[in-house]
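So you know, we letter chains A, B, ... as the sequences are listed, proteins then strands, and number each from 1.
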Amino acid sequence: MVRVRFAPSPTGFLHIGNARTALFNYLFARKNKGKFILRIEDTDKERSKKEYEEAIIEDLKWIGIEWDEGPDIGGEYGPYRQSERIDIYKEFAEKLLKEGIVYKCYCTKEELEKTREDAQKKGLPPGYDGKCRNLTKEKISQYEKEGRSFVLRLKVPEEKIEINDLIRGKVIFEGENLTDFVIMKSDGVPTFNFAVVIDDYLMKITHVIRGEDHLSNTPKHILIFKAIGAKLPFFAHMSMTLGPDRTRLSKRHGATSVRAYREEGYLPEAFFNYISLLGWGTTESKEIFTKEELIEEFSLERCHKASAIFDKEKLLWMNSYYIRKTELDKIYQLSIPFLKKENLIEDMVDKEKEEYIKRAISLEQEKIKTLKEVPFLIEFFLKEPEYEKENYEKLINYGTKKILGEIVSILENIDNFKKEDIEKKIRDYCREKGLKTSDVFHPLRFAVSGRTKGPDLFGMIELLGKEKTVERIKKLVI
RNA sequence: GCCCCCAUCGACUAGUGGUCCAGGUCACCACUCUUUCAAGGUGGUAGCGCCGGUUCGAGUCCGGCUGGGGGCGCCA
């Protein structure tokens, strides 16, 4: 049975790169009829926040990723929060200490800094020199007497480590770059490297799918797996997600959290779909996928080794594509919070108004790129337009006033106030008067909506209704 | 500094030795449709980082170089 996990640390909102890691794990699990586990890595007491855990969970759900085991729903292998598993790590650590696989290191911050510098000077990796590996009894009791705190370090053997990565193939690390690393901090909390391995082992994780930034940590993990006598899981290191300048996607590149995109009015389906295309593709170069299709098509073999740049423009296109293809009802529902925020609707919207807004949205649907744009695009249907001076001067003058005045009487005489009739009557008028349609349509659009661009003129007039339309034109012209 | 990974249009990718004077999508440009803005349609600009090697033949295999990324913490 395939078991994979996504293990974010709650030190901020869900990052796009992490969302992609979560997504790939999720797809892999579903594709292989396995389990997808959510685990919270909150061993960094300083930076971890409960609010972030909640936010991450919320955003994962928003994207459409569901898990089978996790801190919120429990499961057979819990707890799923590392802060609640401290005793478990301690137990493993004590066992390793007894076996002589790890040892106590009493070095102070200053000492460590110095050994690090020395190592650098010698052209060695800036790690630990193993000073405390073989301390004499006397030395140990001296340190204890001084009340020095200690950490637990793993005795790193000098051997080369091979990884058979499912995405990258064989990766070989020659031993000498690894130094004895910390597995338990002086406060009794495990380091990330130790906790992941213990958890992956106990939670029976079969495939560790994570970002390439963990590739260099993998030898450490393998060493720990071996130390506790556990079987290795499969590893798959996915390419990274970069910003437009080819560096790690970060705040400098603008919004990097899933939350931000959600608030900008992106559809989860579009986000899900776009993210899946980063570092992965099918032979047909297909672009639009439903969740089900993605699950069906996904495979680690088709994951790219090279990192991918997150392209906001393409996401935006995909979002507008999804908005165009989504049923009006749903777009309306999703737009409500955005309309409320702009004070265009009240908490309660009656059926009539709902229909009215839906029709307004439908007139603009093909143009909406994000839900956040909806209020602006349909604003003039819900409140009186403001007429910008510059456009007013361009479009409203003696001649067009006269035309608009005549349009008013035409509109007033239309009984069946439907766009086909409205259009026909106005076009007839243009022909009779020998006017270019554009000389009539543009001022009319402006008079009715206060805009120089907008939805289909006649659809707009129909929806606004005879009374409102006439009122607006009169107000502007007379 | 040391170790590891990577390399096809500006971006995401297809391509697994000949069918590739490299295909699709976004972006960009032009034309078209048109009452505006979009959407749509048609067409276009643009790429195998470089140097060697293997081979009858290389985007595709091998080596080097260059470039980019990542790691080396009592962060995760």
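- Comparing the same atom, P, in B:rC29 and in B:rG23 gives a spacing of 22 Å after rounding to whole Å.
- A centroid separation of less than 6.0 Å is found between the aromatic rings of A:Phe310 and A:Tyr274.
- For B:rA14, one of the phosphate oxygens OP1 or OP2 lies less than 4.0 angstrom from a side-chain nitrogen or oxygen of A:His304.
- Contact between the side-chain N/O atoms of A:Arg246 and the OP1/OP2 oxygens of B:rC6 is not found at any separation under 4.0 Å.
- If you check B:rC4, B:rC3, B:rA76 against the side chain of A:Ser9, the one that comes closest is B:rA76.
- If you check B:rC26, B:rG15, B:rA76 against the side chain of A:Arg302, the one that comes closest is B:rG15.
- The side chain of A:Lys314 sits closest to B:rU25 out of B:rG40, B:rC37, B:rU25.
- Residue A:Val182 places its side chain closer to B:rG73 than to any other of B:rG73, B:rC3, B:rC5.
- Pair assignment for B:rU66: B:rA7, on the basis of Watson-Crick or G-U wobble contacts that are both within less than 3.5 Å.
- Comparing atom distances between the A:Ser186 side chain and each of B:rG71, B:rC5, B:rC74 picks out B:rC74 as nearest.
- Both distances falling under 3.5 Å, in either a Watson-Crick or a G-U wobble arrangement, occur for no nucleotide opposite B:rU34.
- Contacts of A:Thr11 with the nucleic acid, taken as non-hydrogen atoms under 4.0 Å apart, are absent.
- You'll find a donor-acceptor pair under 3.5 Å spanning the side chain of A:Ser285 and the base of B:rG23, going by distance alone.
- Separating the NZ atom of A:Lys312 from the C1' atom of B:rG10 is a distance of 15 Å, rounded to the nearest angstrom.
- A distance of 6.0 Å or more separates the ring centres of A:Tyr201 and A:Phe225.
- Residue A:Tyr274 is the one, among A:Phe192 and A:Tyr274, whose nearest nucleotide of RNA chain B lies closer to the 5' end (criterion: closest heavy atom).
- Side-chain contact check for A:Thr21 and A:Asn18: no donor-acceptor pair (N or O, by modelled atom type) lies under 3.5 Å.
- Here A:Lys185 reaches the OP1 or OP2 of B:rA76: one of its side-chain N or O atoms lies under 4.0 Å away.
- Looking at A:Tyr103 and A:Asp180, their side chains do bring a donor and an acceptor atom within 3.5 Å of each other.
- Side-chain nitrogen and oxygen atoms of A:Thr43 include at least one within less than 4.0 Å of the OP1 or OP2 phosphate oxygen of B:rA76.
- Looking at heavy-atom distances under 4.0 Å, A:Arg248 makes contact with sugar-phosphate atoms alone, never a base.
- Across all strands, A:Glu313 comes closer than 4.0 Å only to sugar-phosphate atoms, never to a base (heavy-atom distances).
- The C1' atoms of B:rG67 and B:rU42 are separated by 39 Å, rounded to the nearest whole Å.
- Between the CG atom in A:Leu444 and the CG atom in A:Leu457 there is a gap of 5.0 Å [rounded to 0.5 Å].
- Using atom C1' as the reference point in both B:rG64 and B:rC21, the two lie 29 Å apart (nearest Å).
- Figure legend: cation-pi geometry between A:Arg153 and A:Tyr128, with NZ or CZ positioned under 6.0 Å from the six-membered ring centre and within 45° of its axis.
- Side-chain rings of A:Tyr266 and A:Tyr322 stay apart, their centers remaining 6.0 Å or farther from each other.
- Between the side chain of A:Asp42 and the main chain of A:Ser48, no donor-acceptor pair closer than 3.5 Å is present.
- Within the nucleic acid shown, A:Thr283 comes within 4.0 Å of sugar-phosphate atoms alone, with no base atom in reach, counting heavy atoms only.
- Regarding A:Arg81, its CZ atom lies at a distance of 17 Å from the C1' atom of B:rA76, rounded to whole Å.
- Nucleotide B:rC2 has B:rG71 as its partner under the Watson-Crick or G-U criteria, with both atom distances under 3.5 Å.
- For A:Asn217 and A:Phe441, each mapped to the nucleotide of RNA chain B holding its nearest heavy atom, the one lying further toward the 5' end belongs to A:Phe441.
- A:Lys220 comes within 4.0 angstrom of the backbone, heavy atoms only, and of no base.
- Within 4.0 Å of A:Pro219, counting heavy atoms only, lies no atom of the nucleic acid at all.
- B:rU19 and B:rA11: their C1' atoms are spaced 29 Å apart (whole Å).
- Looking at heavy-atom distances under 4.0 Å, A:Thr282 makes contact with sugar-phosphate atoms alone, never a base.
- Nucleotides B:rG44 and B:rG1 place their C1' atoms 50 Å apart, quoted to the nearest Å.
- Residue contacts for A:Ile309: at a heavy-atom cut-off of 4.0 Å it reaches the sugar-phosphate backbone alone, with no base atom in range.
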Exercise for the section: Assess whether side chain to side chain contact (heavy atoms under 4.5 Å, CB included) is satisfied between A:Lys50 and A:Arg81, documenting all intermediate values. Expected result: CA-CA 11 Å; A:Lys50 186 80 187 167; A:Arg81 219 173 264 120; 3.5 Å; yes

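- When the nucleotides B:rG70, B:rA14, B:rC75 are ranked by their closest atom to the side chain of A:Met240, B:rG70 comes out on top.
- B:rA14 and B:rU8: their P atoms are spaced 10 Å apart (whole Å).
- In terms of phosphate contacts, A:Lys305 brings a side-chain nitrogen or oxygen within less than 4.0 Å of OP1 or OP2 of B:rC6.
- Of the C1' atoms belonging to B:rG49 and B:rG69, the separation is 16 Å, rounded to the nearest Å.
- If you check B:rU13, B:rG24, B:rU36 against the side chain of A:Ala308, the one that comes closest is B:rU13.
- You won't find any donor-acceptor pair under 3.5 Å spanning the side chain of A:Glu366 and the base of B:rG40, going by distance alone.
- Within 4.0 Å (heavy atoms only), A:Phe181 reaches no atom of the nucleic acid at all.
- Which of B:rA76, B:rC5, B:rG71 sits closest to the side chain of A:Ser216 comes down to B:rG71.
- Within the nucleic acid shown, A:Leu315 has no heavy atom closer than 4.0 Å to any nucleic acid atom.
- Residue pairs meeting the ring-ring contact (aromatic ring centres under 6.0 Å, His included) criterion with at least one member in residues 149-185 of chain A, sequence neighbours excluded, are A:Tyr106-A:Phe150.
- Centroid-to-centroid, the aromatic rings of A:Phe6 and A:Phe36 stay 6.0 Å apart or farther.
- In this structure, B:rG43 and B:rC29 make a Watson-Crick or G-U wobble pair, each of the two defining distances being under 3.5 angstrom.
- Each of B:rG70, B:rC5, B:rC75 was ranked by its minimum atom distance to the side chain of A:Asp213; first place goes to B:rG70.
- Atom CD in A:Glu364 sits roughly 13 Å away from atom P in B:rA39 (whole-Å rounding).
- The partner of B:rC20 is absent, by the rule that a Watson-Crick or G-U pair needs both atom distances under 3.5 Å.
- Spacing between B:rG53 and B:rU60 at atom C1', rounded to whole Å, works out to 15 Å.
- Taking every heavy atom of residues 146-162 of chain A and every atom of RNA chain B, pairs under 4.0 Å involve A:Val151, A:Arg153, by number.
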